[in-house]
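Heads up, the thing below is written out as structure tokens.
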There are 2 protein chains.
Amino acid sequence: MFEAKLAQSSLLKKVLDALREIVEDANLDCSSDGIKCQAMDSSHVALVSFDLSSDGFEPYRCDRNITLGLKLATMTRVLKCAGNDDSITLRSQDNTDTLTVLFESPNQDKTSQFEVKLMDIDTEHLGIPESEYSAVVQLPSGEFQRICRDLSQFGDSLVIACTKDGVEFSGSGEIGSAKISLRQHSMVDKEDEQVTVELNQPVTLTFSTRYLVSFSKATPLSSSVTLSLKAETPLVVEYRISDVGHLRYYLAPKIGDDEETEHIDDCS
Amino acid sequence: MFEAKLAQSSLLKKVLDALREIVEDANLDCSSDGIKCQAMDSSHVALVSFDLSSDGFEPYRCDRNITLGLKLATMTRVLKCAGNDDSITLRSQDNTDTLTVLFESPNQDKTSQFEVKLMDIDTEHLGIPESEYSAVVQLPSGEFQRICRDLSQFGDSLVIACTKDGVEFSGSGEIGSAKISLRQHSMVDKEDEQVTVELNQPVTLTFSTRYLVSFSKATPLSSSVTLSLKAETPLVVEYRISDVGHLRYYLAPKIGDDEETEHIDDCS
DNA sequence: ATACCCATCC
DNA sequence: GGATGGGTAT
């Protein structure tokens, strides 16, 4: 028996929104620790994973490890049925291929219950090596989203260059070229509006703009985002989910003259 | 070398929005006086021009006269990348076909720089004769926009009739007819909400509603607008841009039974 | 790529 | 309540 109740169904909605553009189906791996998920986009260029600790749920019960294969389009439909402040409970009996989703309104006056067919999803679980990154940039997530969106007007590739002074995003295409610079400044009142660059070594890498735009759909999850860069290593884009866990994207840099994006599993 | 910095990039954005529906490409004529622009719509029915005095820029530098041929769709994309309170700097070296656009955030922590290819645009510079108008109407720009939009539901033609008492806008079409009257009243608290009619002679003229609706896209530039009317003379719709200059549209009245809009250069 | 509708912010 | 921006649908 698996049962997990989250006070804010909206949180799960945001997580789903953050995945939807990247993957169609995903396995939730549920254990006594909590819920983990790892999924690759269909072209094997990007990987997304998230971790929700059991501490974020109340109650949380997972008698034995269970994998819930979800069709995200279905889950999106279901989650649209949640009220803004509804709680959400996920429940699955062992040896069934069904997930029960239950929404409860704050005042308990309305409950909505859904039964969703589970899928059997082929999965390749990649171990992601811990790296010492050349640069770790933290910036407001809204700023990152804005930059990705703005630069998407200027070509398919987005260059991220980190120096001790800050970080520079650039792109160029038919209509012209664009370069956006953020200066490091940690002296700001609000921690969430900081831009910080932890630099071991200056680094400049090129990525597919389209994927970065998709990644930034996770913006509602956190007010800030961190980018971890290292040559010939997938970029990590991480959104912390307060008190519960995190959501991370991985994207291999484009390499060489043709600036093709490498498959992420070519870079292991 | 040409360089002009405007504290409010939003001002230039509004100017572009005011042109976009009328013309696709436009030449900015830059001199030590400032930046002027004059462009005709593709069917030669309407003309738009604006004047931005060098006083509105700081710094402003224009070593020698230079014409910047802009594709407005490109400039629109670039200006979308500006933050709300960013300054904007336009810069062009002599003998290049490139315009540099630089946005700087108020706190200087973010800068965005764009390189845009300039165009070579055929231009016919019309001299616009000064006229003694039969009537000059001033009204709140939002009111004018609302009236144009409302009357656009009632036919392609919009009649403007000025008398000593005020101004009357009317239209009629298949679904019925509409007449909107504004009484002159200069006794209002706020000058911007006044409706005034300076009348030399009562005048009633008919215009293409569609163009007037387009003109009223300039509403964000000024809280009031003036309409200058005279028989057989292009209507002038003027928005003052405080401290910097103005933007004007010209539109020949429809004449005769068929109520065809005359080409503006037929009326010189 | 453009237009319409919905949601969020002022 | 209105306006602006973003997302979705055509």
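Computed from heavy atoms alone, side chains included, the values below leave out hydrogens, waters and symmetry copies. A, B, ... follow the sequence lines: proteins, then strands. Residue 1 opens every chain.
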Exercise for the section: Examine D/dG5: is either OP1 or OP2 under 4.0 Å from a nitrogen or oxygen in the side chain of A/Arg146? Give yes or no. Expected result: no

Problem - Interatomic distance where NZ belongs to A/Lys13 and C1' belongs to C/dT8 [whole Å] - result: 14 Å

Exercise for the section: Flag the pair A/Phe103 / A/Phe114 as yes when their ring centroid distance falls below 6.0 Å, and as no otherwise. Expected result: yes

Problem - Euclidean distance, atom CG of residue A/Asp17 to atom P of C/dT8 [Å, nearest integer] - result: 12 Å

Exercise for the section: Look at atom CG of B/Asp150 and say whether more than 12 heavy atoms of other residues, nucleotides or ligands are closer to it than 6.0 Å. Expected result: yes

Handout entry: Shortest non-hydrogen contact between B/Thr196 and B/Gln184, atoms and distance
Key = CA-OE1, 3.8 Å

Practice task
State, with a plain yes or no, whether a side-chain heavy atom of A/Leu118 is found less than 4.5 Å away from one of A/Leu70.
Solution key: yes

Problem - Where at least one partner belongs to residues 172-181 of chain A, residue pairs that pass side-chain hydrogen bond (donor to acceptor under 3.5 Å, both in side chains), sequence neighbours excluded - result: A/Glu168-A/Ser181

Fill in the blank from the handout: In whole angstroms, the gap separating P of C/dC5 from NZ of A/Lys80 amounts to 17 Å

Completion exercise
B/Arg77 atom CZ is separated from C/dA1 atom P, nearest whole Å, by 7 Å

Completion exercise
Between CD of B/Gln145 and P of D/dA3 the distance, given in whole Å, is 10 Å

Exercise for the section: May I have the distance from A/Lys14 (atom NZ) to C/dT8 (atom C1'), rounded to whole angstrom? Expected result: 13 Å

Each nucleotide N or O in nucleotides 8-10 of chain D that has a protein N or O under 3.5 Å away: list the pair and distance.
none

Exercise for the section: Starting from P on D/dT4, measure out to CG on B/Asn84 and report it in whole angstrom. Expected result: 11 Å

Completion exercise
Only one of A/Ser87, A/Ser112, A/Ser9 passes side chain to side chain contact (heavy atoms under 4.5 Å, CB included) with A/Glu104, and that residue is A/Ser87

